[in-house]
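To start, the structure under review is shown below, and the notes come after it.
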Amino acid sequence: MEKKKETIIDKIWNFLASVKLAVIIFAVLSLTSIVGTVIEQNAEPAKNIKVLTKLFGQSATPTTYRILDSLGFMDMYHSWWFVTILLLFAANLVICSVDRLPKIMKVVKDPIKPLSEDHFKGFGIKKEFVLKMKPEKAKEAVSEALKKKAGFNLAEVSEAHGFQLYAQKGNFTRLGVYITHFSILIILAGALIGIFFGFKGYLNLPEGVVSTVAYTRNDQERPIGFGIRCDKFQVDFYGNSDMPKAYKSLLTVIENGKEVMKKEIVVNDPLKYKGVTFYQSSYGLLQEDMQKSVFMFRVTSRDGRTSNLDLRFGDTFSIPGMGLTGKIEDFSPALGLDERTGRPFTYAEQMNNPAVLVSFSEGGNRKFSGWIFKRHPETWRLPDGNTVEFSDIWGIQYTGLQVRNDPGVWVVYFGCVAMAVGLFIAFFMSHKRLWVRLVEEKNGTRVVIGASANKNRQAFERQIDKVADLLTRAKERGR
């Protein structure tokens, strides 16, 4: 018979339906995704240069960075070639499924029918025994046992010397792989929605400032649809060390002039509002905003009277009930003292060890001055017994936020649920078929069971064994 000549459409169809193509695409996606995971996406060049230097050395880093950047790996998930691979993967998956679906549907829809005696010889799962009872009684016993132990509702047909019972269940489980394929397409659709309609950016938000935009990798403004304000940023440290324990940002969402949401975020506990997610990412100091900052003090006179003060740089204040006046003269975000000379110096650009230099005078005469540390209470007590607690400073820090808007995330979640269902059906459920011949003999009825399962054959065989044991033990009890 002459082989039908393939048209160009047939060749394209066969190419896209190829399992080899699926394996190649999956391998390419896996490899490029590894690179995209190592390279931080949409990050500042310095971050990835640091990573590449560790991997390839300083001399090879500039060339490697240029190559990866030109190939789009710095924003890989928005590159044309990555989107093309995703679309090719989707096309392969759809055509593979469509190509094989008619055969599967025929098996799913095909009703089970009685078989001839010869067919029973070829079953992989086979059981045979004799019950000392008439075929009618044996039919009732076998039907009851199979329904109770294996969940089969048997149909029956009369034969020359008895009956044949038959049933199937789980034929729909052959569609489990299609549910899994469909879930992958849903996840891909969710990813593409995120790529084309979402964005990933950053926002360095100073304390007290409201922003209605975030910034992309190219420093382009991206409106977020509402206002976000940082009310307070704080770093907690381990003991007296400079090792950060937690970064905290108290954020407020403002919409139509009203505060609609407040949340303190930390790493891995972001704020989400209307599809936009704010992740705690970094922080920094705004030295130029020193004059706008608010220094918070709690002043206690030596006779116990206290007052809370919010002061600006250069402001003066009085000790309650005393003639002593203090003035803020200097500030350091991280003050250290030289061990040899005892001279103060700033050792970091972050708020590792904030301190203020306060001078005190009485009647216009300078009495004493000193550095008061926020993290060291022993510096709060003055020589004359009064206490000046440096409790906080506000308005000089910014919180670094990663901002992400992914409208496809719920589509991806739905796809993941569908995939879990599809994988459960595909791996843990099976299409089981069962035939039972009841043949009358001189001393009873011979029971011949033939069965098949497209998966988990051993488990099904154990079920058949239990049914046989149940029936033979019943026989021994004289049923």
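Counting non-hydrogen atoms of neighbouring residues, nucleotides and ligands closer than 6.0 angstrom, the NZ atom of Lys149 reaches no more than 12 such neighbours. Under a cut-off of 6.0 angstrom, the local environment of NZ in Lys263 is crowded, with over 12 non-hydrogen atoms contributed by other residues, nucleotides or ligands. For Glu349, the CD atom counts as loosely surrounded, since its 6.0 Å shell holds 12 or fewer non-hydrogen atoms of other residues, nucleotides or ligands. The environment of Trp81 atom CH2 is dense: over 12 non-hydrogen atoms of other residues, nucleotides or ligands sit within 6.0 angstrom. Atom CD of Glu378 is surrounded by more than 12 heavy atoms from other residues, nucleotides or ligands within 6.0 Å. By the 6.0 Å contact criterion, CZ on Phe182 is open, its count of non-hydrogen atoms from other residues, nucleotides or ligands being 12 or less. With a 6.0 Å radius and a threshold of 12 heavy atoms from other residues, nucleotides or ligands, Phe373 has its CZ atom above the threshold.
The side-chain contact (heavy atoms from CB on, under 4.5 Å) check on Thr84 picks up Trp80, with sequence neighbours excluded. For Asp392, the side chain to side chain donor-acceptor pair (under 3.5 Å) partners are Lys232, not counting sequence neighbours. The side-chain contact (heavy atoms from CB on, under 4.5 Å) test applied to Asp384 returns Arg302, Leu324, Phe368, Leu382, Asn386, not counting sequence neighbours. The side chain to side chain donor-acceptor pair (under 3.5 Å) search around Asp338 returns Thr341, not counting sequence neighbours. Applying the side-chain contact (heavy atoms from CB on, under 4.5 Å) test to Thr212 and every residue at least two apart in sequence or in another chain returns nothing. Residues satisfying the side-chain contact (heavy atoms from CB on, under 4.5 Å) criterion with Leu87, sequence neighbours excluded, are Val83, Leu192. Every residue was checked against the side chain to side chain donor-acceptor pair (under 3.5 Å) condition with Lys272, not counting sequence neighbours, and none meets it.
Salt-bridge formation is detected for the pair Glu259/Arg229: a Lys NZ or Arg NE/NH1/NH2 atom is positioned less than 4.0 Å from an Asp or Glu carboxylate oxygen. Ionic pairing of Asp231 and Lys262 is present here: one or more N-O contacts between side-chain nitrogen and carboxylate oxygen are shorter than 4.0 angstrom. Electrostatic pairing of Arg366 and Glu329 counts as a salt bridge here, judged by a charged N lying under 4.0 Å from a carboxylate O. Classification of Asp315 and Lys327 as a salt-bridged pair fails, no side-chain N sitting under 4.0 Å from a carboxylate O.
Side-chain contact between Leu205 and Val210 is absent, with no heavy-atom pair separated by less than 4.5 Å. Residues Thr300 and Arg305 are not in side-chain contact: their nearest non-hydrogen atoms beyond the backbone lie 4.5 Å or more apart. Counting heavy atoms from C-beta on, the side chains of Leu175 and Met105 come closer than 4.5 Å. Looking at Leu271 and Thr277, their side chains never come closer than 4.5 Å, going by heavy atoms from C-beta outward. For the pair Arg66/Thr63, a side-chain contact is recorded, criterion being any heavy-atom separation below 4.5 Å from C-beta on.
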Q | Full working for side-chain contact (heavy atoms from CB on, under 4.5 Å) between Ile372 and Trp380 | A | CA-CA 6 Å; Ile372 301 175; Trp380 300 346; 3.6 Å; yes
Q: Check the pair Tyr202 / Gln402 against side-chain contact (heavy atoms from CB on, under 4.5 Å), numbers first and verdict last.
A: CA-CA 4 Å; Tyr202 72 92; Gln402 274 193 5; 5.5 Å; no
Q. Passes side-chain hydrogen bond (donor to acceptor under 3.5 Å, both in side chains), Thr399 versus Ser249? Steps please.
A. CA-CA 7 Å; Thr399 179; Ser249 296; 2.7 Å; yes
Q: Report the C-alpha separation of Asn171 and Val107 in whole Å, then their side-chain angles, then the decisive distance to 0.1 Å, and conclude whether the side-chain contact (heavy atoms from CB on, under 4.5 Å) test is met.
A: CA-CA 8 Å; Asn171 45 341; Val107 175; over 6 Å; no
Q: Apply side-chain contact (heavy atoms from CB on, under 4.5 Å) to Phe427 and Val177, showing your working.
A: CA-CA 9 Å; Phe427 286 102; Val177 66; over 6 Å; no
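Looking only at distances, a side-chain donor or acceptor of Arg375 sits under 3.5 Å from a matching main-chain atom of Asn352. For Arg457 (side chain) and Gly124 (main-chain N/O), a donor-acceptor pair under 3.5 Å exists by modelled atom type. Using modelled atom types, no side-chain atom of Gln280 and backbone atom of Val267 make a donor-acceptor pair closer than 3.5 Å. Looking at Lys169, its side chain does come within 3.5 Å of a backbone N or O of Ala150 through a donor-acceptor pair. No side-chain donor-acceptor contact under 3.5 Å links Asp236 to the backbone of Ala246. In this structure, Ser361 contributes its side chain and Gly364 its backbone to no donor-acceptor pair below 3.5 Å. In this structure a side-chain-to-backbone donor-acceptor pair under 3.5 Å is present from Asp406 to Gly408. Side chain of Lys455 to main chain of Ala426: a donor-acceptor pair is present (N/O by atom type, distance under 3.5 Å, no hydrogens or angles).
Residue pairs meeting the ring pair (Phe, Tyr, Trp, His ring centres under 6.0 Å) criterion with at least one partner in residues 219-244, sequence neighbours excluded, are Phe226-Tyr273, Phe233-Tyr283. A ring pair (Phe, Tyr, Trp, His ring centres under 6.0 Å) check over residues 322-352, counting only residues at least two apart or in different chains, returns the pairs Phe295-Phe331. Residue pairs satisfying the side-chain hydrogen bond (donor to acceptor under 3.5 Å, both in side chains) criterion with at least one member in residues 88-106, sequence neighbours excluded, are listed as follows: Trp13-Asp99, Ser97-His181. Here ring pair (Phe, Tyr, Trp, His ring centres under 6.0 Å) pairs that include residues 386-407, with residues two or more places apart or in two chains, are Phe297-Phe390.
The aromatic rings of Phe152 and Phe460 sit tilted, their planes meeting at an angle between 30° and 60°.
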Pair up each side-chain donor or acceptor in residues 27-39 with any protein partner under 3.5 Å, not counting sequence neighbours, and list the distances.
| unit_1 | atom_1 | unit_2 | atom_2 | d |
| --- | --- | --- | --- | --- |
| Ser30 | OG | Phe26 | O | 2.8 |
| Thr32 | OG1 | Val28 | O | 2.8 |
| Thr32 | OG1 | Leu29 | O | 3.1 |
| Ser33 | OG | Leu29 | O | 2.6 |
| Thr37 | OG1 | Ser33 | O | 2.7 |

